[in-house]
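Working notes, beginning with the structure itself.
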Amino acid sequence: MGKRKELARGSATVSVITFVGHILSTALKLLVSRNFGLIGFGQYSLIMAFSRFLSTVVQMGFHQSIVHFVSKFRTAGDWTNVKHFFVSGLLHILKVSLVLILVLILFKDIILNHIDLENGGLYALIFIWAISTIIAINNFISGTLRSLKLFKEQAILFTSSFPALMILALLGLLIMGADLSTVYQFLTFGVLLNVLLLVLMFIFTLKKFEAADRPPAGKENLNVLVKYSLPIWLSSTFQSASRNSDRIMLGIFSSISQVAIYGAGMTFSILFAFPLKAMSPVFQPAIIEHYASKDYAGINQLYNTMVRWSSLFVIPALSVLICFGDQLIRAFGKGFEGAYAVMIILSIAQSISTIAGIAGTMLDMTEKQASHAKIMIYGFVFVIILNLLLIPRFGAVGAAVASALSILANNVFRVRKLIKYYSLKTDYGIVIKLILKFTPLVLTSSWIMNQALIHWSILLVIYLVISMGMVYGSLSARERYSVLALLRKSSLAP
């Protein structure tokens, strides 16, 4: 029970910061859609899809393997190698980034002839390279901070910094009355702000190493980091390719407007990854510790704890989106009406992925990266085939169905591997109970909405109050005590 309390304390602050990060990310997309319209938002979504995919190529799996090695060196008090792996790993990422921009320039005509970037040309490719490098370095530094158990700093950098600075860039341009006919001036300002932040975070992280006592120790060969990272690199690359292939293939086989509709629908579905993003950084060092001591019962406890905590957020949130999602989509402006179906399909898939999603992290953190890589390769092939079949005929909805089926298949195979390696005993009882509790509430609220008996905003407030009561009623006695203690502590704070 002590381990669970420790995880809960570590997750509390990270959860708040991660939630703020999701709100900022959603606000950024709404601002882009309102200021640049359907086409501008589609262009931004396509650039970000390419950037997120290529960032996994640039970071070479170091973003997760650095957690393993820094945690190991930190435990041994070997701060010489902590600094060595951090600095050398970052230099390797920058080298791969230089190779990437050369490849993009060399093949720019082929790329631009096949993908609709709305006359963005070379500028679009430069921004794809810049943003992918920013994301890769951000992930690498975040992983290092996570391994040092600096969870608050890691959460701010990983989830909140990028959207916050991009919003600041856009608002700055609006105040200055700059030309907003294209997204490129906005991206330029945003990239510069993010580069400045990463420089400051690099200096901050180095100072954390220098402040620690470092016993004399020889530097380990960096090849062990590269070797350990290779399977993670493969699995994360294929996972990212699967995750971003929807928008990329919509840009190839459909239109930029379909990319925009898909991007709008995906905006709210991403919120369901909140529990995984909030708790995974805290769970990762614990997973490594249990694995190192061959405490497989502890690994079982971690997995089912994650399932329980995720479900208490995911199921109520999904019910809200089913009832009120159509009203939320209207915030994007005209032309986004078809995004509701995309949002619901992706949200259901993401909910299941979040509940079971820590399985992939567990495979990576327990030296089963090769097995995870195979799963992601098969998942990538599967989603590409589905996209080729569905996108030309059904556009954004077809891409959503393809992504959802791929996400579900990947998570089934991840959990099966955990069962095989660690005799995992899954407990999804909380999921079933919550679905049974919320189904009548969803049906009743949908009927009230269709009959227009109450304005949707008033009904939403009532729905949220009832939902919070139902979630509180689903907590154990110990969990209720912890929630009440946290509320009392907050009310007494100055």
Side-chain angles (χ1 to χ4, degrees), residues 29 32-33 38-59 100-101 103-136 183 187 234-267 269-270 338-339 342-343 345-346 349-350 376-407 410:
K29 292 175 183 178
V32 172
S33 70
L38 184 71
I39 299 301
F41 181 71
Q43 191 175 28
Y44 171 78
S45 298
L46 194 54
I47 289 173
M48 290 303 300
F50 269 109
S51 300
R52 294 194 183 282
F53 163 61
L54 291 176
S55 69
T56 60
V57 177
V58 173
Q59 66 198 12
L100 173 63
I101 187 60
V103 171
L104 289 176
I105 292 174
L106 184 62
F107 295 99
K108 65 179 177 62
D109 293 332
I110 297 175
I111 297 171
L112 295 175
N113 284 337
H114 286 83
I115 299 175
D116 183 7
L117 285 168
E118 286 294 315
N119 301 317
L122 184 60
Y123 289 114
L125 296 183
I126 291 174
F127 282 114
I128 288 171
W129 163 74
I131 295 173
S132 64
T133 302
I134 287 170
I135 294 172
V183 297
L187 290 175
L234 289 173
S235 64
S236 61
T237 298
F238 281 107
Q239 184 176 6
S240 181
S242 300
R243 190 183 299 126
N244 295 288
S245 64
D246 38 31
R247 283 152 292 166
I248 293 173
M249 295 185 75
L250 278 170
I252 297 173
F253 297 107
S254 189
S255 64
I256 202 75
S257 61
Q258 287 295 302
V259 176
I261 289 172
Y262 187 91
M266 190 179 69
T267 296
S269 70
I270 292 175
V342 173
M343 177 182 63
I345 294 169
L346 292 177
Q350 186 60 59
M376 298 319 301
I377 291 172
Y378 293 142
F380 172 71
V381 174
F382 184 47
V383 76
I384 293 299
I385 293 172
L386 289 175
N387 277 327
L388 288 172
L389 293 173
L390 298 176
I391 286 178
R393 184 172 180 181
F394 300 106
V397 173
V401 172
S403 296
L405 292 175
S406 175
I407 289 170
N410 288 341

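Using a distance-only test at 3.5 Å, with no hydrogens or angles considered, a donor-acceptor pair links the side chain of T56 to the main chain of F53.
Closest heavy-atom contact between V259 and R247: CG2-O, 3.8 Å. A pairwise comparison of heavy atoms in A136 and S55 identifies CB-O, 3.7 Å as the closest pair. For S257 against L38, the heavy-atom pair with the smallest separation is CB-CD2, 3.6 Å. The minimum heavy-atom distance between G263 and S45, with the atom names listed, is CA-OG, 4.2 Å.
How far CZ of F41 is from CD1 of I256: 11.0 Å, rounded to the nearest 0.5 Å. Rounding to the nearest 0.5 Å gives a distance of 9.5 Å between CD1 of I105 and CG of L100. The distance from atom CE of M376 to atom CG of N410, rounded to the nearest 0.5 Å, is 4.0 Å. Rounding to the nearest 0.5 Å gives a distance of 11.0 Å between CG of L54 and CD of Q59. Between the OG atom in S254 and the CD1 atom in I261 there is a gap of 8.5 Å [rounded to 0.5 Å].
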Which donor-acceptor pairs under 3.5 Å do side chains of residues 384-406 form with protein atoms, sequence neighbours excluded?
{"from": "N387", "atom 1": "ND2", "to": "S245", "atom 2": "OG", "distance (Å)": "3.2"}
{"from": "N387", "atom 1": "ND2", "to": "V383", "atom 2": "O", "distance (Å)": "3.2"}
{"from": "S403", "atom 1": "OG", "to": "D246", "atom 2": "OD2", "distance (Å)": "3.0"}
{"from": "S403", "atom 1": "OG", "to": "Y262", "atom 2": "OH", "distance (Å)": "3.2"}
{"from": "S403", "atom 1": "OG", "to": "A399", "atom 2": "O", "distance (Å)": "3.1"}
{"from": "S406", "atom 1": "OG", "to": "G379", "atom 2": "O", "distance (Å)": "3.4"}

Throw together a table of side-chain donor-acceptor distances under 3.5 angstrom for residues 124-133, partners on residues two or more places apart or in other chains.
{"from": "W129", "atom 1": "NE1", "to": "S97", "atom 2": "O", "distance (Å)": "2.9"}
{"from": "W129", "atom 1": "NE1", "to": "S97", "atom 2": "OG", "distance (Å)": "2.9"}
{"from": "S132", "atom 1": "OG", "to": "I128", "atom 2": "O", "distance (Å)": "3.0"}
{"from": "S132", "atom 1": "OG", "to": "W129", "atom 2": "O", "distance (Å)": "2.8"}
{"from": "T133", "atom 1": "OG1", "to": "S97", "atom 2": "OG", "distance (Å)": "2.7"}
{"from": "T133", "atom 1": "OG1", "to": "W129", "atom 2": "O", "distance (Å)": "2.9"}

